[in-house]
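Down below is the structure, laid out as structure tokens.
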Amino acid sequence: MQAVSSTYVTTPIYYVNAEPHLGHAYTTIIGDAITRWSRLTGAPTKFLTGTDEHGLKIQQAAEAAGVSPQAFTDDIAPKFAAAWDKLNIANDDFIRTTEPRHKVAVAELLQRCYDAGDIELDTFAGKYCVACEEYYSDDELVSAEGVAGEGELCPIHQRPVEYFEEENYFFRLSRFQDRLLDWYAKHPTAMTPEHRGNEALGLIRSGLRDFSISRTSLEWGIPLPWDPKHVTYVWFDALTNYLAAVGFGSDDQDYEDWWPAIHLIGKDIVRQHCVYWPAMLMSAGVELPKRWAIGGWLLVGGEKMSKTSGNVVNPLDLIDDIGLDGFRYYVLAETPYGSDGDFTYEGLVARYNSDLANNLGNLAARVATVVAKKCDGVGPAPDPDSPLSAAAETAYTESAAQWAELQPSRALDATWGLIRATNAHLEQNEPWKADPGPDVDRVMGDALEALRIVAILSSPAIPDTAQTVWERIGMPGQVADQHLPDAVTWGGYPGGADVVKGDPLFPRIKL
RNA sequence: GGCGGCGUAGCUCAGUUGGUCAGAGCAUCCGGCUCAUAAUCGGAAGGUCGUCGGUUCAAGUCCGACCGCCGCUACCA
């Protein structure tokens, strides 16, 4: 017998220089839904998110706030954890890069790459703004008129930059071009969607330069094991969280159980995740990730969310307006994963009203009412030969395929196909016109069975509502504990259970 | 400049290797129903599949050119 392969899903770890916003929530909800689907399939599943807490910007922000970096991050990191709690994110772990286990893993990865000869001391030269404590490239420097790429002034301070040389350790990324291309050639579906993957391949083909991995000027970070004057930053620090959370360097069994991961990332960090990271892993002799799912931005009103444009959306505010599952569903259903989405309040309400209130919510309500009137409130068993069984089969098959492709919006569309078919089935049979009896029972049993299957298939997106539907039609236990594909085989609704109507699942919202 | 992508019904998008591929959802209009959250069901309308050429018995589906839009172009989640 072959061991069931496990699923290990990660989000990027979020930099704690800002509080959680819609963009963070977007990726995290997608990861959560994918994870919940994986659990339904019976695969051992682990979902990781966390916070990135080192680096100069945190150090500076902490100084500005008059607190230590540790105290600063101790204040913000829990806000992320709390936000995910409110969004019903079922992450199994939450890693902070300031934790000991993370530092152990970073040291291990660094040492392995160093021992492999892929980290070497070299000179980093560049133009440095003392005020920013940052290096700038020629493209970034501005002229006195503020034109980028034509001057020698810091873009932020408008002050002359200085030419600095610094001893840095470099990771010899340039050695990995062919190996990366070979690997991706053998794993053509590793990056999804394809056009995003092509961008990464383009980056690799255009040539790879070594990158520096340490600074001596930085204090808030993890020192190099063999040369503690140097502190590593960004790449070897942040990326390594994915390994740290499964015991890399400390717990071999945990590591064996979960690695390699499926990484959910944003389109802005493709280079780091799809080029740097696999090269670092190759150097260290670590198996490469199973997959990278590259998402787009969730824009707000067509524009990138930013503090300066004042359009930052707090996801927790939306929950108050539209409900937790309403918000989750919108995020998952509205935008094909990989494309940029556009968040608008109008779109949120339109999606909510049509799919959740009118289709699913109303279906549950009308079924409960007819069962109450025609079946004494007791749910009958479905017809084994119901025409709806084909729709249920299709809904499962297609949504399973789309979840496997990491396409929640398409998976949900397939699931909603069963809801539409069930509404149509009721219209065709008009049980509310018939006298109680076997014919009515058959139709209502079919509808209840469809609702049972819908509850299972939709549970990764709207876990609370799915459980409510599950209970109202009289099913015992937790919908999340069901196992595919057996649980969605037509005929699973036992009949004989009390059906409860309850309040509307999704009250219509008027703009 | 270089590399890559996109342009299909009002809107958002599906359309494997060319031959029921001209589709779905939403929106609109008409009709039915009244169990249901003025929900639902049926039907209709709506696109020369960016433009112009080419290959082919046959092209959104391949090739070329052009127009328009966009992404990436290196140490910044």
Side-chain angles (χ1 to χ4, degrees), chain A residues 11-18 21 23-24 27 51-52 55-57 124 126 134-137 139-140 168 170-171 173 193-213 215 233-235 238-239 265-273 275-276 296-297 333-336 339-342 346-347 350-351 353-374 407 409-410 412-414 416-417 419-434 440 443-444 447 501 503-510:
Chain A
T11 73
I13 51 173
Y14 304 115
Y15 206 52
V16 292
N17 62 348
H21 62 236
H24 300 120
T27 305
T51 44
D52 181 10
L56 185 64
K57 286 186 178 156
F124 183 88
E134 290 253 37
Y135 285 95
Y136 287 101
S137 67
D139 294 346
E140 294 169 317
N168 283 174
F170 279 74
F171 180 74
L173 183 67
E194 193 178 4
H195 72 273
R196 295 284 178 209
N198 286 339
E199 281 182 15
L201 293 176
L203 292 175
I204 299 169
R205 290 198 192 95
S206 67
L208 300 177
R209 267 188 240 157
D210 300 338
F211 60 90
S212 84
I213 63 152
R215 292 281 163 81
Y233 72 105
V234 194
W235 325 124
L239 292 166
I265 64 174
K267 65 179 184 179
D268 54 321
I269 49 176
V270 166
R271 176 189 306 283
Q272 293 85 325
H273 281 78
V275 183
Y276 292 8
W297 291 110
E334 183 73 3
T335 304
S339 303
D340 283 348
D342 188 18
E346 293 71 20
R351 174 67 69 170
N353 277 341
S354 73
D355 290 3
L356 296 178
N358 296 352
N359 284 354
L360 175 55
N362 184 57
L363 174 63
R366 68 196 303 207
V367 167
T369 298
V370 178
V371 169
K373 287 185 179 175
K374 304 286 184 178
Q407 284 292 347
S409 68
R410 296 182 189 178
L412 291 169
D413 187 47
W416 254 247
I419 296 174
R420 291 183 214 106
T422 305
N423 272 320
H425 187 244
L426 290 174
E427 293 292 331
Q428 279 170 13
N429 291 281
E430 301 183 310
W432 44 87
K433 282 184 175 175
V440 168
V443 174
M444 296 320 294
K501 180 168 184 183
D503 293 331
L505 294 172
F506 299 102
R508 275 182 66 84
I509 293 174
K510 284 170 185 153

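As a basis for the values below, the full set of heavy atoms in this structure was taken, side chains included, without hydrogen atoms, waters or symmetry mates. These figures come from a predicted structure and were not determined experimentally.
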Rounded off to whole Å, could you give me the [atom1]-to-[atom2] distance for the [X] and [N] pair?
X: A:Leu356; N: B:A39; atom1: CG; atom2: P; result: 15 Å
X: A:Asp413; N: B:G15; atom1: CG; atom2: P; result: 12 Å
X: A:Arg271; N: B:U73; atom1: CZ; atom2: C1'; result: 7 Å
X: A:Leu360; N: B:A36; atom1: CG; atom2: P; result: 18 Å
X: A:Leu56; N: B:C76; atom1: CG; atom2: P; result: 10 Å
X: A:Arg196; N: B:G4; atom1: CZ; atom2: P; result: 16 Å

Tell me which nucleotide among [options] gets nearest to the side chain of [X].
X: A:Leu208; options: B:A74, B:U37, B:A77; answer: B:A74
X: A:Asn362; options: B:C41, B:A74, B:A36; answer: B:A36
X: A:Tyr15; options: B:A77, B:G71, B:A14; answer: B:A77
X: A:Ser212; options: B:U73, B:C75, B:A77; answer: B:C75
X: A:Tyr276; options: B:A77, B:A74, B:U37; answer: B:A74
X: A:Arg410; options: B:A77, B:U40, B:A14; answer: B:A14
X: A:Arg420; options: B:A77, B:A39, B:G25; answer: B:G25
X: A:Gln272; options: B:A77, B:G42, B:A74; answer: B:A77

Checklist entry - What does B:C62 pair with, Watson-Crick or G-U, if both distances are under 3.5 Å? => result B:G54

Checklist entry - Is there a side-chain polar atom (N or O) of A:Lys501 under 4.0 Å from OP1 or OP2 of B:U37? => result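 So the side chain of A:Lys501 is within the cut-off, an N or O lying under 4.0 Å from OP1 or OP2 of B:U37.
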
Next on the checklist: Side-chain N or O of A:Asn198 versus OP1/OP2 of B:G5: is the shortest distance under 4.0 Å?
Outcome noted: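 No, A:Asn198 has no side-chain N/O under 4.0 Å of OP1/OP2 on B:G5.
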
So which heavy atom on [X] is nearest to which on [Y], and how close?
X: A:Leu203; Y: A:Leu208; answer: O-CD2, 3.9 Å
X: A:Val443; Y: A:Pro431; answer: CG1-CG, 4.0 Å
X: A:Glu430; Y: A:Glu427; answer: CG-O, 3.0 Å

Next on the checklist: We want to know whether A:Asn423 and A:Arg366 form a side-chain donor-acceptor pair, criterion being a heavy-atom distance below 3.5 angstrom.
Outcome noted: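 Judged by distance alone, the side chains do pair up.
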
Next on the checklist: If you assign each of A:Phe506 and A:Phe211 to its closest nucleotide in RNA chain B, which residue comes earlier from the 5' end?
Outcome noted: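 Per heavy-atom nearest nucleotide, the more 5' residue is A:Phe506.
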
What does the list of N/O pairs under 3.5 Å between the protein and nucleotides 32-35 of chain B look like, with a distance for each?
residue	atom	partner	partner atom	Å
B:G32	N2	A:Glu427	OE1	3.3
B:C35	O2	A:Arg366	NE	3.2
B:C35	N3	A:Arg366	NH2	2.7
B:C35	N4	A:Arg366	NH2	3.3
B:C35	N4	A:Glu427	OE2	3.4

